[in-house]
Amino acid sequence: MIRVLLVDDQPLLRSGFRALLDLEDDIEVVAEAGDGMEGLALIRKHLPDVALIDVQMPVLDGIEATRRIAADPSLAGVHVVILTNYGFDEYVFNALRAGAAGFLVKDIVPEDFLHAVRVAARGDALLAPSITRKLINRYVTQPLRTGTGPGLKELTTREREAVVLVARGLSNDQIADQMVISPLTAKTHINRAMAKLRARDRAQLVVLAYESGLVAPCDR
């Protein structure tokens, strides 16, 4: 059973998401909150698999709530998915940097919404190639902050190669094809790179790849 917690200051939207999730046999909504501070308290209490958090809320916004979740070792199993009305914007970029696994636009179709919740719960959250391209474009407009970064020197050649391909928006199967390895081995390389770079998920791995200079915008 996938345990989900909803955090959004709009009761009607929360009700809509909850009604959709409650129809699924493998998903349970354990709690819901109307602001980030209340949501953070409930997340610590219920330890959900997935926390769906609105990016803009009173008391404590989604970005700061995400940052606090990412910084708390006891919440390492909580995968944050940011909810937004606006598509990819500065708020979402900052949320990804804070440790969010990904984000959803609120007008997403129900099938894609449910799929995203299940993907996030597995810990295999993958930014769509279109979102990765926007992340890359975000870095094209500013100089790279090159440097080794924590754990970068520890990456093996194959792990570096896998990180580069993740940053280009490839799935595990596509990475396996590129590297001529099995999808399981590709996932192993990615997981080890995430551990060495202290990235919570693939979304943060993409950000770290560009911020560290491991991948440059011209590599896309």
Side-chain angles (χ1 to χ4, degrees), residues 2 26 49-50 66 70 76-82 87-88 92-93 95-105 108-109 111-220:
I2 299 170
D26 62 333
D49 301 302
V50 178
T66 299
V78 178
H79 304 287
V80 175
V81 177
I82 292 294
F88 190 89
V92 172
F93 176 79
L96 292 173
R97 292 188 66 186
F103 80 96
L104 297 175
V105 180
I108 188 172
V109 298
E111 294 80 6
D112 290 344
F113 173 72
L114 294 170
H115 175 70
V117 169
R118 292 184 174 103
V119 169
R122 292 199 303 265
D124 291 335
L126 173 64
L127 289 176
S130 61
I131 303 307
T132 302
R133 284 195 294 272
K134 290 175 181 177
L135 265 178
I136 293 170
N137 290 336
R138 173 69 167 75
Y139 280 100
V140 170
T141 61
Q142 58 186 234
L144 288 170
R145 294 184 294 170
T146 57
T148 57
L152 196 60
K153 290 182 177 179
E154 298 177 22
L155 296 182
T156 66
T157 300
R158 297 297 265 173
E159 288 165 357
R160 282 174 175 261
E161 186 178 350
V163 171
V164 169
L165 296 174
V166 168
R168 290 177 181 167
L170 275 63
S171 68
N172 284 354
D173 288 343
Q174 292 170 324
I175 291 171
D177 288 342
Q178 288 275 340
M179 298 179 65
V180 196
I181 55 178
S182 71
L184 180 59
T185 301
K187 184 175 181 179
T188 298
H189 286 319
I190 294 164
N191 288 342
R192 287 175 178 170
M194 285 171 55
K196 291 177 181 179
L197 295 175
R198 302 174 190 172
R200 282 173 60 93
D201 48 52
R202 294 174 76 117
Q204 198 171 36
L205 186 62
V206 172
V207 173
L208 289 172
Y210 282 95
E211 287 193 329
S212 68
L214 179 60
V215 183
C218 60
D219 293 334
R220 51 187 171 151

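As a basis for the values below, the full set of heavy atoms in this structure was taken, side chains included, without hydrogen atoms, waters or symmetry mates.
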Between Phe113 and Leu104 the two heavy atoms that sit nearest each other are CD1-CD1, 3.6 Å
Rounding to 0.5 Å, atoms CZ (Arg118) and CD1 (Ile2) come to a distance of 6.0 Å
CG of Asp177 to CG of Asn172, rounded to nearest 0.5 Å, is 11.0 Å
For Pro183 and Ala176, the nearest pair of non-hydrogen atoms, with its separation, is N-CB, 3.6 Å
| said: Test your reading of the model: is there a side-chain donor-acceptor pair from Arg158 to the backbone of Met179, 3.5 Å cut-off? | reply: yes
4.5 Å side-chain heavy-atom contact, Val119 and Arg122:
yes
Rounded to the nearest 0.5 Å, the NZ atom of Lys196 sits from the OG1 atom of Thr156 at a distance of 5.5 Å
Correct closest heavy-atom pair for Val163 and Ala209 would be CG1-CB, 3.8 Å
Between Ala70 and Gly99, the two heavy atoms sitting closest are CB-CA, 4.3 Å
The reported gap from NZ in Lys187 to CE in Met194 (rounded to nearest 0.5 angstrom) is 10.0 Å
Here the gap from Leu205 atom CG to Leu197 atom CG, rounded to the nearest 0.5 Å, amounts to 6.0 Å
Smallest heavy-atom separation, Leu208 atom then Ala199 atom, equals CD1-CB, 3.7 Å
Exactly one of Val81, Val80, Val78 clears side chain to side chain contact (heavy atoms under 4.5 Å, CB included) with Thr66, and that residue is Val80
Review point. Are Ile175 and His189 close enough that some pair of their side-chain heavy atoms sits under 4.5 Å apart?
Key: no
